[in-house]
Structure formats: structure tokens, C-alpha cells
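Take a look at the structure below.
Every chain is numbered from 1 and lettered A, B, ... according to where its sequence line falls, protein lines coming before strand lines.
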Number of protein chains: 2
Amino acid sequence: MFSIGELSKRTKVKVPTIRYYEEMGLLAEPERTAGNQRRYTNEGLERLSFIRHARDLGFSIEAISSLIELQNHPDRSCEAATKIAEGQLSEVRAKIKRLKALENELKRIAQGCDGRGVVEDCYVLASLADHDLCDQDH
Amino acid sequence: MFSIGELSKRTKVKVPTIRYYEEMGLLAEPERTAGNQRRYTNEGLERLSFIRHARDLGFSIEAISSLIELQNHPDRSCEAATKIAEGQLSEVRAKIKRLKALENELKRIAQGCDGRGVVEDCYVLASLADHDLCDQDH
DNA sequence: TGTAGTGCCTCTAGTGACTAGAGGTTCAAG
DNA sequence: CTTGAACCTCTAGTCACTAGAGGCACTACA
């Protein structure tokens, strides 16, 4: 049995964030001391580690909620879990694609100006003002 | 002179968003009709196109604010503008790097399970529960 | 056993960049 | 002159936290 501060240290999740997860229903409400302070067991620690790892991988609170719901039914098919992970993967891939297009455009814009001229002739500002100067979609 | 709806159509920025930009000080307060409705000129249209393009490229409202401030002083050096664009570029690159690490991890996790088993043995869920199963930092 | 100091409690409000809705007014077409 | 779409302001909600106020609980040491 350990306090919320101890749990925070072990999982590297901040104390208010732990309380927030509890409020969102991701973490079960733990036992309390006579003085109303939260006391966690290893189960709470494992659950929070799971949540943190999933958040690190970019899963939304809602997706994590579904995954936890699944964990509570070990006998069900894990198809849904795989689907959620695949969904997350395609979101990440879409973001990468978009960011790469932005990277190219920004590179072109930033290289077009050495920063030594004046604002009036600045290629950076001209590019932002006029989309037609762009190479690609974004 | 045209209405906010017309401006919205031409720039593809939603009406409430235009009002929001005005409130944030990105757009100058336009003239009003006798009945208190906004009326824009070409200047407003150009300004909003600039903002939209910069937002599409991921610049924050704050960064755009600085860029607009610069535009109001055409005689100044454009070093600051170039710096802002370069800053944005490195942020984008950092995001891409992080997302690529996530992509690898998610690919590995999603491939580890064909979705045909049961939750109890699911590699997706096991991977999320145990960070040690991961290949790389993320 | 007393006390100091850190940690914990709840509650409210703020972040960024919008988005949604209520309730009311104005405009333009027919 | 009427109808209905577009406009107005204001408040509140989104997501995943983060910050702060004001007050109580726990623990270590004297």
C-alpha cells in the first residue's frame, strides 16, 4: 500500500494527472486511509503503467478506456484491441505524411531568405502571404 | 466590401474562427454597417489568407502575431521572420522523429497479434502493459 | 507528546485553437 | 412588406492536462 506521491514517483505520472485519470474512470477508485488519503496496491500501479504507456504511444483517453474495458473480459476475442492499435498506427502514419509535406514547404520557405534583408522583401513573409508560391499541397 | 460569410467562403476559414482571430488581435477590427455587421475589404482578405496559410503550416497564433507585427514594419530586418520559420521547421522535424519511433513500435505491436485469439493472450495488450517488451525509446 | 514541514485533499480556473448553441437582430430577395 | 438566411454577442464545451488556493493528514524528530 502506497500513497499517490509514491505511485507518481514510480510511474512518472504527475499527481494531479493520476487524480484526473481516476475522475475519467481509467483508474479504479483506490482505498482511503482514515484521513481520506488514497492508498494504492500493485494492481493500481500496473494499471497506471498501462495507461501511461498507451498515452506515450498517442492513444486517446477514450481508446485507452476501450482497451481497459477489454482487459476486464479476458475471454473475449482480442480483435477489437488489434483494431484500436491499427487505427492508432494509421493515424500516426497520416500525421507523419502531413508533417513531411510541411517540412518540405518550410525548408523551402526558410531557405529562400537569409535573414539579412528587410521585411519588405522577405521571402518568408511573401510565401506565407501567397499560397501560389508553394510547391505542394499541405 | 463584403460580409463575414463571404470572407469565410473565399478563405475557407469558418465564420466563428474569423471572429476568434479578431478577438485574438490577428485581424484588425473591420468597419461595420449601420446594423453592426462586419464589412471587409481586400486588405482583410489578404490578411486572413496569410493567417490561414501560416496556420496550415502549423505556426501558432503567437508566432503569427509576431509575423504580422513584423509586416507592419517593412523597413526592419527580416531576421526575426526567418528565425520564426526556422523554429517552426525544427519543431516539425522533432515531431516527425518522434512519430516515426511511435510508428515502429505500433507496427510491431499490431503485427504481434492477428486479432483471432482472446484478450487474455493478446500481444497488443501485453505490450501496452509491459514497456520492457518495446524495442526502442518513445 | 508536541510540533514542524511535507504531502495530501477538493475545488476552481486556465491552456490552445477553436466549435457549438442560445437567443436575438439585420439584411436582401421576392 | 414579409420571409428566411445570415449576422450579432455571450457562454460553455472540447482534450488532456496544469496551476493555484485554502485547508487537513501524516511522519519524523525533539
Side-chain angles (χ1 to χ4, degrees), chain A residues 1-27 29-41 44 47-68 84 87-88 91-92 95 98 102, chain B residues 1-27 29-40 44 47-48 50-68 84 87-88 91-92 95 98 102:
Chain A
M1 298 290 257
F2 38 87
S3 70
I4 196 168
E6 183 62 27
L7 182 63
S8 169
K9 246 185 234 159
R10 295 205 206 174
T11 56
K12 272 151 206 161
V13 176
K14 288 180 190 157
V15 168
T17 306
I18 297 174
R19 289 198 274 252
Y20 170 75
Y21 288 158
E22 184 184 322
E23 203 183 301
M24 292 299 101
L26 292 189
L27 275 176
E29 287 182 30
E31 283 183 46
R32 302 269 185 152
T33 62
N36 200 35
Q37 298 196 355
R38 290 167 179 83
R39 285 297 176 270
Y40 294 91
T41 62
R47 175 70 77 88
L48 185 54
S49 303
F50 177 93
I51 295 168
R52 190 196 135 100
H53 193 189
R55 284 294 302 134
D56 280 350
L57 287 165
F59 288 84
S60 69
I61 296 282
E62 207 192 329
I64 296 172
S65 225
S66 309
L67 290 170
I68 285 174
I84 291 171
Q88 181 61 22
E91 267 179 46
V92 165
K95 274 187 200 158
R98 185 175 146 71
L102 294 193
Chain B
M1 298 290 258
F2 37 88
S3 70
I4 197 168
E6 183 61 28
L7 183 63
S8 168
K9 247 185 233 159
R10 295 205 206 175
T11 56
K12 273 150 205 160
V13 176
K14 287 179 189 157
V15 168
T17 306
I18 297 174
R19 289 198 274 251
Y20 170 75
Y21 288 159
E22 184 184 322
E23 202 184 300
M24 293 298 102
L26 291 190
L27 275 176
E29 288 182 30
E31 281 183 49
R32 302 270 184 151
T33 63
N36 199 33
Q37 299 196 356
R38 290 166 179 83
R39 284 299 175 269
Y40 295 90
R47 173 71 76 86
L48 184 54
F50 177 93
I51 295 168
R52 192 198 136 101
H53 193 191
R55 284 292 303 133
D56 281 351
L57 287 165
F59 288 85
S60 69
I61 297 281
E62 207 191 330
I64 296 171
S65 225
S66 309
L67 291 170
I68 286 174
I84 291 172
Q88 182 60 23
E91 266 178 47
V92 166
K95 273 187 201 160
R98 183 174 147 72
L102 294 192

How many whole angstroms separate atom CZ of Phe2(A) from atom C1' of dC8(C)?
16 Å
Interatomic distance, Glu29(B) CD vs dT9(D) C1' [rounded to whole Å]:
14 Å
Here the distance between atom P of dT15(C) and atom CE of Met24(B), to the nearest Å, is 10 Å
Using atom CD1 of Ile51(B) as one end and atom P of dC18(C) as the other, report the distance to the nearest whole Å.
10 Å
With a cut-off of 6.0 Å (strictly less than), are more than 12 heavy atoms of other residues, nucleotides or ligands near CD of Glu62(B)?
no
CD of Glu6(A) versus P of dA25(D): gap in Å, rounded?
22 Å
Counting just side-chain N and O atoms, does Tyr21(A) come under 4.0 Å of either OP1 or OP2 of dC17(D)?
yes
Distance check needed: dC8(C) P versus Arg19(A) CZ, whole Å only.
8 Å
dT26(C), dA25(D), dA16(D): which one has an atom nearest the side-chain heavy atoms of Gln37(B)?
dT26(C)
Assert: residue with more 5' nearest nucleotide on DNA chain C, out of Ala34(B) and Thr17(B), is Thr17(B)
State whether the number of non-hydrogen atoms from other residues, nucleotides or ligands found under 6.0 Å of Glu31(B) atom CD is greater than 12.
no
For dT19(C) and Lys14(B) - does any side-chain N or O of the residue sit under 4.0 Å from the phosphate oxygens OP1/OP2?
yes
Between Glu22(A) (CD) and dC9(C) (P), how many Å, whole number?
9 Å
Check the phosphate of dA25(D) against Thr33(A), side-chain N and O only, distance under 4.0 Å to OP1 or OP2. Yes or no?
no
Nearest to the side chain of Asn36(B), which nucleotide is it out of dT10(C), dT9(D), dT19(C)?
dT9(D)
What's the CD1-P distance between Ile64(B) and dA17(C), to the nearest Å?
8 Å
Tell me which nucleotide among dT10(C), dC8(D), dA17(C) gets nearest to the side chain of Tyr20(B).
dA17(C)
Once you apply a heavy-atom cut-off of 4.0 Å, does Arg55(A) come out as touching a base, just sugar-phosphate, or nothing?
sugar-phosphate
Just call it for Phe59(B): base, sugar-phosphate, or nothing, with non-hydrogen atoms closer than 4.0 Å on any strand.
nothing
Think Arg38(A) has a side-chain N or O under 4.0 angstrom from the OP1 or OP2 of dT10(C)?
yes
Quick one: is dC8(D) close enough that its OP1 or OP2 comes under 4.0 Å of any side-chain N or O from Arg39(B)?
no
N-O pairing of Glu29(B) and Arg38(B) below 4.0 Å:
no
Backbone N or O of Phe50(B) within a donor-acceptor pair of the Arg55(B) side chain at under 3.5 Å?
no
Considering all heavy atoms, the nearest Gly44(A)-Leu27(A) contact:
O-CD2, 4.2 Å
